[in-house]
Amino acid sequence: SSGINAEYGGLGSRTLSLIADNFPDVFRFVIPVYPSADDDVITSPYNTTLAMKQISEFGNCIMPVENQSLTAICQQLGTAKVDHIKHTVTESREKAFNKMNSLVAKVILDITASARFDGSMNVDINEICMNLVPFPKANYLVPAIAPLYSPKIPQPRHLDAIFSDVFSNSNQLCKVDLKKGTFLSCALLLRGNLQVSDVRRNVDRLSENTKFIYWNKDGWKTGLCSVPPIKQMYSILSLANNTCTQLSHKICHSMLVSSKVTYYLFLPIYKFNLSLALFRKFRISCKNTNNFIIQFIILNDF
Amino acid sequence: KQWYQRRVRAVYREQSNNTRPGSSASAYCRETAARFFTPGADGGTLIANAVLVDMENKVVAGCLSRRHAGVWTYNPRCSVLSKQGSGNNWANGYCNFGETKEEEISVAVKVLLHSLPDLRVALLLMSAAGGTGSGLGCRITELIRDIVPGVLLVNQVVLPFSQGEVSVQGYNMLLTLSSLYQSSDALLLSHNDSYQTLSRRLIPGTSSRDCISFREMNRLISSHVAGVLLPASSAKEEEKKGRLIHCDDIVEHLVPHPCYRLLTARMMPVISEHSRDYTNTTWEMLGKYSRQMLIQNSIIDEGLIWSIKPRSELLTTNKRTQNLNVSVSNYIVCRGSEVALPEVEDRFKVADLYRNEKTKLLCGYSAATFDKLDKSLFVIDNSAKNGHFLEDLLSDSWLKFQANAFIYQYEKFGLDREWFKESFNVIEKVRRDYENLLPKK
């Protein structure tokens with residue numbers, strides 16, 4: 001079972017905590033969408049931090065997605081029209097968001113494909129959480145998809161190329177550099193007419209270049225669903241539990257720190273519906289991100 | 001799900017092998033039908049003596065709907081399904097589903113037992129890495145032990161690829177093996193790695209890049225299991241009515257001591273249907289290769305090092321004899337035409353291959369062919385090298401355990417660190433016992 005939240009939603013966080021309270025046994029998958037650095041909503045850093053605390057508390061598996069990465073991927077696919085001088089998206093906002101949302105929708109479709117179709121190695125959603133989250137707090141899984149489908153881009157001819165692509169930084173839906181971090185675990189959800197030996201061969205090849213933590217050297221979880229997405233022969237979704245996610249949290253944290261002075265100016269807006277307790281939550285959220293970063297730094301040192 | 005498919009397919013293949021009678025094999029067919037099936041209410045179709053259990057419904061539903069050429073089917077009353085799945089969590093299978101589904105499963109088992117008053121051996125097919133196969137499978141083993149204490153339990157356990165299919169497979173394997181060591185009589189182990197390599201034989205003209213699916217691997221596993229359990233007699237010629245070897249005889253022979261319960265099944269030849277017309281096998285060749293496979297603990301007849309031999313067959317003493325596999329006991333079955341038994345038997349009767357003079361070799365023979373192979377030889381052994389894989393298993397899992405990784409997932413269902421520590425102890429003892437079988441260097 002999954003719940004999808006578009007951040008920076010207060011409503012999303014509330015829904016999440018309600019589900020957690022009323023259905024404690026249900027696994028909660030959260031896909032928070034982080035705003036880009038040049039987001040025009042000024043309060044987005046605060047919203048994000050407040051939401052993050054709720055998500056960390058109530059979500060079992062969190063798959064962060066950043067608007068920046070989605071935009072970059074859409075550009076790569078040649079579907080977003082970019083003004084090269086101003087470096088801003090000139091296409092109507094609605095169309096641009098539609099394309100970005102379809103990428104997120106693809107992630108959800110790939111995760112649920114095992115439940116909807118037949119396959120020789122189907123991975124249930126609850127298996128994802130079991131295999132990828134070694135500690136309750138280390139539950140951030142960076143999603144990446146390959147191949148990136150577009151009528152303009154030729155599909156890779158070789159299956160092995162798709163496996164390599166899914167680990168390249170340009171395919172990640174969150175701005176991270178996987179090579180700089182240590183993998184705690186990684187899931188590869190494959191769709192299409194692949195066989196076990198194809199998978200084994202590629203996993204063996206990828207293992208040589210990826211750094212896994214010492215106690216989980218074989219921390220791969222592979223799933224095979226026989227039905228590929230429409231108009232594609234194969235597709236892979238990778239969910240990487242990698243310590244590099246601490247870097248994106250650092251960025252978020254620094255965004256907050258730099259705007260510490262201005263938060264007092266927004267006090268009236270927040271005071272309208274919130275009490276002082278929520279401000280304390282805000283402080284705690286900052287602390288939380290800090291703790292999170294520290295935890296991951298320790299893991300990265302292995 | 002693939003775990004489940006294995007379980008079920010093994011039973012299916014095994015039983016479908018029975019429905020290929022040779023010309024003079026009516027007694028063989030009758031015995032096979034009696035062993036594995038019950039006549040259906042309509043008198044024509046046979047009903048498999050099996051209970052199907054899975055926490056996901058697709059595979060079992062598929063099995064129940066298949067008709068198997070009108071010869072046999074599964075009994076829908078002997079099946080337990082659910083929709084949730086165990087999420088690769090041993091504790092979920094054992095504690096959670098073990099409790100909630102216990103009632104249903106005992107009802108299904110009792111329905112089956114009702115038609116089997118003379119049951120002597122029960123075979124459980126399961127995987128060690130998933131959640132349902134491993135956890136619930138262990139619970140079911142204990143359940144059957146409670147319901148029918150006199151019956152011998154054999155668990156056929158599929159061990160995952162060593163490269164890792166599931167992150168927590170180490171823990172699941174550990175918990176499964178330690179639980180089964182306490183409740184089951186014999187564990188027949190099948191390693192996915194070996195079966196994948198062996199499956200390449202079944203596809204003609206394979207290269208290392210070719211696709212092997214679980215279907216081929218399942219087929220092989222079930223051939224190995226079936227070849228061992230199908231009827232065989234201990235007489236040399238069919239005319240001299242020999243004593244039929246029952247399944248409990250086999251188990252009692254293979255597991256004379258409770259410390260040693262790990263078994264491996266091997267088979268010769270493994271060739272694709274295409275190549276059968278071009279291959280000429282002799283009993284001498286089958287015996288020779290099978291024994292070397294046993295000595296090196298391999299299920300594949302490739303890459304065999306022929307210089308590793310029992311000391312009595314060497315011209316000079318060679319350091320390499322130290323690598324010889326030592327068995328607690330072996331059981332071999334020859335199936336097919338013109339069985340030249342003394343040759344095969346003598347090859348396996350060498351003293352160096354056994355730990356104890358008394359419990360050595362049991363030989364079975366059957367004139368009926370297996371799977372249309374003119375001659376086939378099956379070896380099932382309880383030998384020292386069966387415990388080798390435990391070393392890596394223990395070291396990998398211990399690293400994880402010390403880092404406290406994934407433990408919270410098991411604690412959610414009631415397992416604690418003490419349970420894990422006990423399992424480590426049990427498996428460490430098994431590993432040491434098997435290592436001590438080998439001669440000291």
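Letters A, B, ... mirror the listed sequences (proteins, then strands); counts begin at 1. Note that the structure is a prediction, hence the values are computed from the model and not measured.
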Any chance the rings of Trp398(B) and Phe424(B) have centres within less than 6.0 Å?
->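 They qualify: ring centres under 6.0 Å apart.
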
If you count heavy-atom pairs under 4.5 Å with chain B, which of Gly219(A), Ser207(A), Pro136(A) comes out on top?
->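 Heavy-atom pairs under 4.5 Å are most numerous for Pro136(A).
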
Is the number of heavy atoms from other residues, nucleotides or ligands under 6.0 Å of Glu99(B) CD greater than 12?
->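 Counting other residues, nucleotides and ligands, CD of Glu99(B) stays at 12 neighbours or fewer.
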
Kindly check if the number of other-residue, nucleotide or ligand heavy atoms within 6.0 Å of CD (Glu103(B)) is above 12?
->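 No, CD of Glu103(B) has 12 or fewer neighbouring heavy atoms, counting only those of other groups under 6.0 Å.
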
Could you walk me through whether Trp215(A) and Phe135(A) pass the ring pair (Phe, Tyr, Trp, His ring centres under 6.0 Å) check?
-> CA-CA 13 Å; Trp215(A) 43 257; Phe135(A) 309 104; 5.7 Å; yes

Chain A contacts: which residues in residues 408-421 of chain B have a non-hydrogen atom closer than 4.5 Å to it?
->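 Under the 4.5 Å heavy-atom cut-off, Tyr408(B), Gln409(B), Tyr410(B), Lys412(B) qualify.
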
How far apart are the C-alpha atoms of Arg201(A) and Asp204(A), what are their side-chain angles, what is the distance that settles it, and do they pass the salt bridge (charged side-chain N to carboxylate O under 4.0 Å, His left out) test?
-> CA-CA 5 Å; Arg201(A) 185 180 69 239; Asp204(A) 290 345; over 6 Å; no

Within a strict 4.5 Å, meaning less than it, do heavy atoms of the Tyr171(B) and Ser423(B) side chains meet?
->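 Sidechains of Ser423(B) and Tyr171(B): no contact.
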
Verdict with supporting geometry, Lys400(B) and Asp396(B), salt bridge (charged side-chain N to carboxylate O under 4.0 Å, His left out) | CA-CA 7 Å; Lys400(B) 281 201 180 72; Asp396(B) 289 340; over 6 Å; no

Atom group of Val199(A) that falls short of 4.5 Å from chain B, counting heavy atoms =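 When you check distances to chain B, no heavy atom of Val199(A) falls under 4.5 Å.
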
